[in-house]
Structures are given as structure tokens and as C-alpha cells.
Amino acid sequence: MKIYNTFTKTKEEFQPLNPPNVTMYMCGPTVYNYFHIGNARSFVMADIVRRYLEYKGFHVKFIMNITDVDDNIINKAFEEKKSTIDVADFYAEAFFEDVKKLRMKEANFYPKATLHISEMIGVIKRLEEKGFAYNVNGNVFYDVSKFSDYGKLSGKNTNDLESGARVDVNEEKKNPLDFTLWKKAKDGEPSWDSPWGKGRPGWHIECSAMSTKHLGKSIDIHAGGNDLIFPHHENEIAQSEACFEQKFVKYWMHFGFLNIQNEKMSKSLGNFFTAREVLDKYPAEAIRLFFAQTNYGGPLNFSDELLNSAQKGYEKILNLAEKIEREIKLNSRSAVIPEFDVKKYYSDFEKVMDDDFNSPQAVAVIFDFIRATNKIIAENDNIDSNFYHGLKQFLKKTAENVLGIIHLDGLSNELNPNIDNEQIELLIKKRDMAKKEKDFILADQIRTELINLGIILQDNKTGTTFKKINVK
RNA sequence: GGCGCUGUACCCAAGUGGCUUAAGGGGAAGGUCUGCAAAACCUUUAUUCGUCGGUUCGAAUCCGACCGGCGCCUCCA
């Protein structure tokens, strides 16, 4: 399988360092706010990458860090007159909730920066000993001029950077590109003891320290949004490779932005929707389908119109899944087992996903599968249940376990608690009677009544079925 | 200024030299089924891939120029 590596700007054959193990690090949130739907795009796409690697049989160790100390958190705590710990805990909790709602598979571990201070100090100390860091009055900086490969990930050279450098006049830095490893504490800020006095870690150092501690000095995949390429990931390379003298990351993966009207969604621009607001309006599966329908690397616009269109697509998958579920419950034995080559769909799915996780084409395979199976179902009466088991397996393994665009468990959902299934069945019986007596006015009344409760009736050859729609 | 991404139907979007005289989703139009619906299925909806040149037996795909849109270089997925 192939994977696009930002470092080489080419698709490369994926060969993990220690197969079948794969180590994967994803830059997680800074917990000073709810994360927005643009962040969610990166998280979900990383989730799909991870799940596909697992589908392929790799043993993936997936880690996502939580930045729980930084300027934004301190500012937020000040604004809300809370402690930084309370702010960080609150939003970390919210992060876990939202990520779960997005149906992301849980990471193997979510390391927190504040629980790895000593590891970070260790890395900084070593950098200082090796001459890559310098201390000015308790602020420790990384000396970019000492790392000759600086800029190799982002394709920047230090001369260009300096000439185009925007502000950040810091008298203490030798060079404007130097970045903070350890930040001297100001009054009232959270701080830890260190060889350079009380202070707190810079942002970049946490990923170097935590990635190394939990995944090793060299890892297979390090992922994050495009905006992290420079300076964040560039700085991580500078730190880790100067410190440990070995290649930090084999494959760098970066995700495109979610835009609003062609502009990057970002917290600083204020043009964002939080993931939880969007999750209140649309099912996670529809959101994931929306993301999966575009290649992960490019930009993607966000709008209600686009989300609605994805939701329609999701309902198409859902309709088939529900049909399958009903048929499996009926457990009918018959001689009718239609010819159908499920294997072809598995191999198509793998073929496109093997090509740098081409999820849009994977989604297309799923929809091809849906059309083909719907056709068979429409053209055959009384199909043996075993046929449906095969279909379910396919959806389970691909659409659910890898893409997460359907959730097969508990499909006869409980979205609307205002009415229970027995009441619905009773009304359906009443309507059937009315239909038999050609009292279509009453029959339609019942149907309308149910629609208002979020219940859609469908008259099929075998009888009337219903489904509950999400009345969000 | 440097580095990078991007321009494909009404909308979203895949495809990066012949398998594609261009996937898939949404929308629209017509049809089948149905008491009517819903769901589902069938048909139609780009001889064309920002523009202009070039390379090639052959290009949306390679090269050049030009015109748009976006991002990073400052915290940001």
C-alpha cells in the first residue's frame, strides 16, 4: 500500500519499521475550548487511516496528545476566573465526549503534557548539553542555526524565513527563528521546577518528549493538520533528531483544512462551528461521510447544503442496512441465494484504500455495492437469510469498521422516545385494516400522525415497516 | 518575497499518459412499482476537464505561458 509522505512530497510504499506493528502519533487538541468541526476533519481522517491499517492486519499503537498547559489556557483561565487545571480538565473532558460522538476509535493512550514535564526537561537538558539550546534568564531557546537540516520538512530555508519573518521581536533570541523550549514563569502562572528555574515547557517540546516516551525514538506515522507543518513539526524534527540522533518520523501525513466560503476555518478568525454544534444537527456517520468523500489532503468547504447532501447519502446506506437487518431477523430459509460477487467489492475497496487511503473512491465502492444489492433484492422474492449475512459482513468490515459511515448495532434506533415500538405496531395494524377496507383517508391520517412523530412508514411486499428518523 | 495547495457537470467530488469518448454522492427531469406515498430500481443530465500554446500515435492527466481561488512563513487541525 502507498502513503503520501509530506517529507518527500511523494507517494511511498508503506513499510513500517517493525511490522506488523505500526506506531502512529496524532497531534491532539489544546484544551482551552471545544474543538471545531475543522479539527474534527483531521481527527476523523486520522481515525480512518488508523482503522484501515488495522483492517490490513497491522497492530497499530495510536497516540493522541492533550496539550493542557499553554498561553491560551492561561488566558482562558484568567477570563473565566478559574484555575488553569479546571479549564484544561473541563475541555479535555469535552474533547473525549466529542471524539466519542464522532465515533472515533479510542486512542491507545492520550498523554497529557503536564504529566510529562520531567521527560521534557530531560530532552531540553540533553539539547543544552549538545549545544542546541541556550538559556537566557530562565528562558531556554532552541538554536536553529545549529541544526543544519532545519526546514527540511516544510521546504523552507532559513534565509527566506528570516527575510520574510513577521514580527516576533524577542530580544533574548539569537535568531528570530529560534523557538522556546522552556518558558520562565510569570506570577500566577502554572510552573514547575527545572534546572533553569521555575517555568513551563514550550509547545513543540511536548510532542518530541511524549512521542518518544510512548512510541520510541523513531516512529512510523506522525499526523496533523497542514498548519502544523511549519513551524510545529519542523521544530519537532529539530528537537528530536538533535537529541536522539536518529530519524524521528518515517511518514509525515497532513490533512487539508475545512474552509468556510473558501477561507480556512480557524479559532482566530472566529468563523468556526464547534464539532458539538454540528453533531447536534447531523449524525456522526453523515459528518464522517462528508469528510470521507474528499481526499484528506486537499481543502474542503463546509456548509449546511453540503452536510445535507452527505446526510442524504448516509440515509441511502442506512436504508439498505435496515433492510438487511430486518431480513436477518426474519431468518428465512429458501433456495433463493442470488449470485453475487461480494469478493469483488472487498478487493475494489482495498485497491483504492491501498492507494494513499483514497476514501472518496472507497465510498464510491460502497455506493456501487449498495446499488447492486438493492437491485438484487428488488428483483428476487424470498431470498435466503445467508445472502443477507454476507452483505452485512461487508458493510460491517468496510463502511463501519474502516470508514465509520454506518453503525450497524441498534439500527432499530431509539431516537424518538415519545412513542414505543408496540404503539407503532398497533397503529400499523389499524392502518392495514383501514387499507383493506379501502378507507384511505384514515390510513393516510395514521401515516401523517406517525410522520409527525418522526416515524416513516414503508409499505413493502411483505408488509409495512417503519423507521424512526432523527428529528434534530 | 519564499514555500506549498488548488481550478473537472446545476452543487460536492474521484481520476494525474491508452482500462475513463471522465467514478461516486446530492439535485433536476422522465419511467417502473404503489390506492397514494416512501424506499428501491431503470433512463437522461460534461464529446468535455480555468485559458492559450506545445510534446505525443494518443493528454483532464506531461511541458510552457497566462488568468483565478486558497494556505503556511505568528497561536491554529
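Please read these numbers as outputs of a predicted model, since none were measured by experiment.
Considering only the side chain of A/Arg447, B/rG35 comes nearest among B/rG35, B/rA14, B/rC75. Picking from B/rG25, B/rG24, B/rC72 the nucleotide with the shortest atom distance to the side chain of A/Ala364 gives B/rG24. Counting only heavy atoms from C-beta on, A/Phe230 has its side chain closest to B/rC73 among B/rC73, B/rG27, B/rC70. Comparing B/rG15, B/rG25, B/rG27 by their nearest atom to the side chain of A/Gln361 picks out B/rG15. Nearest to the side chain of A/Gln293, among B/rG25, B/rG69, B/rA38, sits B/rG25. Side-chain atoms of A/Asn358 lie closest to B/rA14 of the nucleotides B/rC70, B/rA14, B/rA40. Proximity note for A/Glu263 (side chain, C-beta onward) versus B/rC11, B/rG71, B/rG69: the nearest is B/rG71. Closest approach to the A/Thr294 side chain among B/rC70, B/rA13, B/rG35 is made by B/rA13 (side chain taken as heavy atoms from C-beta onward). Each of B/rC72, B/rA40, B/rC75 was ranked by its minimum atom distance to the side chain of A/Asp227; first place goes to B/rC72. Minimum atom distance to the side chain of A/Pro360 is reached by B/rA14, of the listed B/rG25, B/rA14, B/rG35.
In the interface, the side chain of A/Arg371 is not paired with the base of B/rC41 through any donor and acceptor atom under 3.5 Å apart. A donor-acceptor contact under 3.5 angstrom links the side-chain atoms of A/Asp444 to the base of B/rG35. A/Lys156 contributes a side-chain N or O that forms a donor-acceptor pair with the base of B/rC72 under 3.5 Å.
Across all strands, A/Ser154 comes closer than 4.0 Å only to sugar-phosphate atoms, never to a base (heavy-atom distances). Within 4.0 Å of A/Gly297, counting heavy atoms only, lies no atom of the nucleic acid at all. Among the heavy atoms of the strands lying under 4.0 Å from A/Arg431 is at least one base atom, whether or not backbone atoms are also near. Residue-level contact check: A/Lys267 touches the backbone only, with heavy atoms under 4.0 Å from sugar-phosphate atoms and none from bases.
The phosphate of B/rC36 (OP1 or OP2) has no side-chain N or O of A/Lys435 nearer than 4.0 angstrom. Between A/Lys316 and B/rG26 there is a side-chain polar atom (N or O) within less than 4.0 angstrom of OP1 or OP2.
In this structure, CG of A/Leu300 is placed 9 Å from C1' of B/rC12, rounded to the nearest angstrom. Per the geometry, CG belonging to A/Asn271 stands 13 Å off C1' belonging to B/rC70, to the nearest Å. In this entry the distance linking NZ of A/Lys323 with P of B/rA38 reads 15 Å, nearest Å. Rounding to whole angstrom units, CD1 of residue A/Ile455 and P of B/rA37 are separated by 22 Å. Look at CG on A/Asn226: it is 10 Å from P on B/rC5, rounded to the nearest Å. Following rounding to the nearest Å, A/His232 (NE2) and B/rG71 (P) show an atom-to-atom distance of 21 Å. Remark: P of B/rA14 and CG of A/Asn295 are 5 Å apart, rounded to the nearest angstrom. Atom CG of A/Leu228 and atom P of B/rC75 are 11 Å apart (whole Å).
Checked options A/Leu427, A/Ile424, A/Asp459; the residue passing with A/Thr464 is A/Asp459 (criterion: side-chain contact (heavy atoms from CB on, under 4.5 Å)). Residue A/His233 is tested with A/Trp252, A/Phe7, A/Tyr25 for a ring-ring contact (aromatic ring centres under 6.0 Å, His included); the sole match is A/Trp252.
Only the P atoms considered, B/rU45 is 10 Å distant from B/rA22, to the nearest whole Å. Nucleotides B/rC42 and B/rG54 are separated by 44 Å at their P atoms, to the nearest Å. Nucleotides B/rG17 and B/rG71 are separated by 30 Å at their C1' atoms, to the nearest Å. Spacing of P atoms, B/rG31 relative to B/rA38, comes out at 14 Å, to the nearest Å. Rounded to whole Å, the C1' atom of B/rC33 lies 45 Å from the corresponding atom of B/rU6. Separation of the P atoms belonging to B/rU47 and B/rC57 is 28 Å when rounded to the nearest angstrom. Taking atom C1' on both nucleotides, B/rC75 is separated from B/rG64 by 40 Å, rounded to a whole Å. Atom C1' of B/rC36 sits at a distance of 47 Å from the matching atom of B/rA60, rounded to the whole Å.
The aromatic rings of A/Tyr91 and A/Tyr34 lie perpendicular to each other, with more than 60° between the two planes, well past the 30° mark.
The residue among A/Asn39 and A/Phe440 whose nearest nucleotide of RNA chain B lies closer to the 5′ end is A/Phe440. Each of A/Pro231 and A/Phe290 lies near RNA chain B, and the nucleotide nearest A/Phe290 is the one positioned closer to the 5' end.
Side chains of A/His254 and A/Thr6: a donor-acceptor N/O pair is present below 3.5 angstrom, by distance only. Between A/Asn374 and A/Lys323, the side chains place a donor N or O and an acceptor N or O closer than 3.5 Å (distance only, hydrogens not considered).
Atom-to-atom distance recorded for A/Ser42:OG and A/Asp227:CG is 7.5 Å, nearest 0.5 angstrom.
Nucleotide B/rG1: paired with B/rC73 (Watson-Crick or G-U wobble, both distances less than 3.5 Å). Base pairing annotation: B/rG7 forms a Watson-Crick or G-U wobble pair with B/rC67, both donor-acceptor distances under 3.5 Å. Base-pair partner of B/rA37: not found among the strands shown (Watson-Crick or G-U wobble, both distances under 3.5 Å). Base pairing of B/rU45: its partner is B/rG27, meeting the Watson-Crick or G-U wobble criterion (both donor-acceptor distances under 3.5 Å). A 3.5 Å limit on both hydrogen-bonding distances identifies B/rC57 as the Watson-Crick or G-U partner of B/rG18.
The pair A/Arg431-A/Asp444 does not meet the salt-bridge criterion, since no charged nitrogen lies less than 4.0 angstrom from a carboxylate oxygen. Taking the charged nitrogens against the carboxylate oxygens, A/Glu189 and A/Lys183 have no contact shorter than 4.0 Å, which rules out a salt bridge.
A/Glu400 places a side-chain N or O within 3.5 Å of a backbone atom of A/Leu408 that can act as its donor or acceptor partner.
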